[in-house]
Amino acid sequence: MAPVRSCGAFYLYSFFLLLVSSESQSVFRGESFRRKLSVELNPGRPAPPPPGGDLLHVRAVGLNDTLHFLFCSQGAPTLLLVHTNSSSSTVEVDWPQFLMRNVSGSLRVEPESSILQSNAIVFSRLLEYDDVNDTANATSDLFPPYDLQDFTWAPLNLSGASALLCGAAATFANGSLCLKLTVFDSEGRDQMLPRLLHSANSSQLEVWLDGLLPRASRSRFLLELQAVGGAYPLSRVEVRRSIDDEFTPTIFKVLQWLPPLNRTSHGSGFLQWKPVSYRRSSPSVEEGSPTRSSLPRPQRGEEAFSALITAFYAEPETFGMNVSFGISGEPFYDRSRFLSWTVLLGVGTPPMDSFSPMVLIMMAVGLGTPMMLLVLGGVCICVRKRASASNYEPIN
Ligand SMILES: *[C@@H]1O[C@H](CO)[C@@H](O)[C@H](O)[C@H]1NC(C)=O
Ligand SMILES: *[C@@H]1O[C@H](CO)[C@@H](O)[C@H](O)[C@H]1NC(C)=O
Ligand SMILES: *[C@@H]1O[C@H](CO)[C@@H](O)[C@H](O)[C@H]1NC(C)=O
Ligand SMILES: *[C@@H]1O[C@H](CO)[C@@H](O)[C@H](O)[C@H]1NC(C)=O
Ligand SMILES: *[C@@H]1O[C@H](CO)[C@@H](O)[C@H](O)[C@H]1NC(C)=O
Ligand SMILES: *[C@@H]1O[C@H](CO)[C@@H](O)[C@H](O)[C@H]1NC(C)=O
Ligand SMILES: *[C@@H]1O[C@H](CO)[C@@H](O)[C@H](O)[C@H]1NC(C)=O
Ligand SMILES: *[C@@H]1O[C@H](CO)[C@@H](O)[C@H](O)[C@H]1NC(C)=O
Ligand SMILES: *[C@@H]1O[C@H](CO)[C@@H](O)[C@H](O)[C@H]1NC(C)=O
Ligand SMILES: *[C@@H]1O[C@H](CO)[C@@H](O)[C@H](O)[C@H]1NC(C)=O
C-alpha cells in the first residue's frame with residue numbers, strides 16, 4: 001500500500017513540474033502573433049536617393065491593423081510609428097514638398113481615418129561635460145552641445161528589417177554616432193545585453209557613440225531625446241521594478257515613457273528602456289554603467305528640426321528628456337571611447353520580463369521537494385500508524 005501511495009505523490013509532483021514548465025513556455029512564446037514585414041527605402045521615389053538623407057518605411061501588417069515605422073535622417077534622426085486599424089493603409093510622400101522641409105502634410109498615412117495613434121522619437125542633441133570632481137552632475141562645465149540635426153549622416157545600411165545609420169558632426173575630431181533600428185515580426189529577445197524583450201508591436205533602437213575624441217579626459221555624456229505626438233505625446237516616466245535580473249544581470253528596473261495617465265489606453269504608444277549603458281561594443285556585465293534620466297518636460301520652442309516631424313504633424317506636441325551615462329565613480333568616456341544604449345518604441349502593452357522556464361523549474365524544485373518530502377513523510381506516518389494500529393488488539 002505504501003509504495004503505491006508514494007508513487008502517486010511522485011507522479012503528482014512530476015505532473016506539477018511539467019505543468020509549470022509547459023505553462024511558462026506558452027507564456028514565453030505569447031500567442032505567437034506574427035506581423036508581415038515589408039521594407040521600402042525612400043517610398044515612391046525613383047532612383048536617385050534624396051539629397052539630405054534617406055527615409056525608410058517598414059510596414060508591419062497584422063490581421064486587421066498595420067504599424068508603419070518611418071525612420072529618417074533628414075534633420076535630427078527620427079523614428080515615427082503610426083498605428084492604423086486597417087491592413088491596407090499606405091504611406092504617401094510628396095517628395096518635392098517633403099524635400100522643401102517646411103510643408104506639413106507632405107507625408108501622409110492613408111486613409112487618414114484609419115490612424116489610431118502615432119508617436120515619434122527624435123534624437124536631438126549629444127551633450128558633453130567635464131566632470132572634474134567626478135560628481136556625474138551634468139550641470140557643471142558643459143561643452144557646446146552637438147546638434148544631431150547638423151550631423152552628416154551616411155546612407156542607411158539595410159539588412160532585413162534592420163537599418164544602420166551612422167553620422168558625425170563636422171566638429172567630431174574622430175568617431176561616429178550610430179543608430180540601429182530593428183523591427184520585429186514576432187515576440188523575442190535580443191541576444192545582446194541588455195537583452196530587451198520585444199513583441200511584434202515594438203521596434204528596437206540601439207544608439208552608440210564610438211571612437212569620439214572627448215574634449216576633456218574626464219568627459220561624460222548625455223543624450224537628449226524628444227518624444228513627439230499629436231494630441232497625447234509620451235509625457236511621463238513610469239518605473240517598474242522586478243525581483244528578477246536573469247536577463248540583464250544587476251539591473252532590476254525598467255523605465256517607460258507613456259502618454260498622460262488619463263489618456264493611457266490599450267493601444268497607446270510607449271518608449272521602454274533599462275537604465276544601463278555599455279562601455280564596449282561587445283557588451284558584458286562588467287562593462288555596464290548605470291544611466292539616469294531627467295523628467296520629461298515640454299519643449300515649446302526647443303524642438304529639434306526633423307523633416308519627418310514637419311512633414312507628418314500639423315501641430316506636434318513635444319516633450320524632452322536627458323539620459324546621462326555613468327555615475328560618480330564610474331570610468332570616464334575616455335577610457336574605452338565607447339558607449340551604447342538601447343530602447344524600444346512600440347504600441348500596446350509594453351513587454352515585461354517574466355520568470356523564464358528555467359527559473360520556474362528551479363522554484364518548483366526548490367518549493368516542490370520539501371513539499372514532496374512532507375507528503376511522503378505524512379504518508380509514511382499514516383501507513384505506520386495504521387499498520388501499528390492493526391497490530392494491537394482492542395483492549396476490552
Ligand atoms: C480584427 O480581427 C479579429 C480577429 O481576426 C476579429 O475578431 C475582429 O472582429 C477584427 N476587427 C475588425 C474591426 O475587423
Ligand atoms: C518653403 O520653402 C520654400 C523655399 O525653400 C519657399 O518657397 C516656400 O514658400 C516655403 N513654404 C512655406 C509653406 O513656408
Ligand atoms: C477604424 O475602422 C473603421 C472601419 O473600417 C472606421 O470607421 C474608423 O473610422 C477607423 N478609425 C478609427 C480611429 O477607429
Ligand atoms: C571641484 O571641486 C573644487 C574643490 O572642492 C571646487 O573648488 C570646484 O568648484 C569644483 N568644480 C566643480 C565644477 O564643481
Ligand atoms: C547637482 O546639481 C544640482 C543642481 O542642479 C544640485 O542641487 C546638486 O546638489 C548637485 N549634486 C552634486 C553631487 O553636486
Ligand atoms: C553595412 O553593415 C554591415 C554589417 O552590419 C557591414 O558589414 C557593412 O560593411 C556595412 N556597409 C556599409 C556600406 O557601411
Ligand atoms: C582618428 O582615428 C584614426 C584611425 O582610427 C587614428 O589613426 C587617429 O590617430 C585618430 N585621431 C585622433 C585625434 O585620435
Ligand atoms: C488629463 O490630465 C491632465 C493633467 O495631468 C489635465 O491637464 C487634462 O485636462 C486631463 N484630461 C482629461 C481629458 O481628463
Ligand atoms: C538636457 O540637459 C541640458 C544641459 O543640462 C539642458 O540644457 C537641457 O535643457 C536638458 N534637456 C531636457 C529636455 O531636459
Ligand atoms: C500586438 O497587436 C496585436 C494587434 O493589435 C494584438 O492582438 C496583440 O495583443 C498585441 N500584442 C501585444 C504584446 O501588445
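Computed from a predicted model, the values in this text were never measured in an experiment. Both ligands and their constituent atoms are indexed starting at 1 by order of listing. Counting from 1, the numbers follow the sequence of the chain as shown.
- Under the 4.5 Å side-chain criterion, counting only non-hydrogen atoms from C-beta, Asp130 is not in contact with Arg215.
- Between the side chain of Gln226 and the backbone N or O of Ala304, at least one donor-acceptor pair lies under 3.5 Å.
- Phe98 shares a hydrophobic cluster with Leu55, Leu70, Leu80, Val82, Val91, Val93, Trp95, Leu99, Leu107, Val109, Ile115, Val122, Val228, Leu308, Ile309, Phe312, Tyr313; the chain of contacts runs through ILVMFWY side chains whose heavy atoms sit under 4.5 Å apart.
- A donor atom on one side chain and an acceptor atom on the other are found under 3.5 Å apart for Asp54 and Asn42.
- Grouping Ile, Leu, Val, Met, Phe, Trp and Tyr residues whose side-chain heavy atoms lie under 4.5 Å apart, directly or via other members, places Val254 in a hydrophobic cluster with Met352.
- Under a 4.5 Å side-chain heavy-atom cut-off, the cluster of Ile, Leu, Val, Met, Phe, Trp and Tyr residues that includes Phe143 has no other member.
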Between ligand 2 and the protein, give all atom pairs where both partners are nitrogen or oxygen and the distance is under 3.5 Å, as lines of names plus distance to 0.1 Å.
residue, atom, partner, partner atom, Å
ligand 2, 2 (O), Asn102, ND2, 2.3
ligand 2, 11 (N), Asn102, ND2, 3.0
ligand 2, 14 (O), Asn102, ND2, 3.3

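- Separation of atoms CG (Leu196) and CH2 (Trp273) is listed at 11.5 Å; rounding is to 0.5 Å.
- By the 3.5 Å distance cut-off applied to N or O atoms, Ser113 is counted among the residues near ligand 3.
- Taking every non-hydrogen atom of Ile115 and a distance limit under 4.0 Å, the qualifying atoms of ligand 3 come out as 13 (C).
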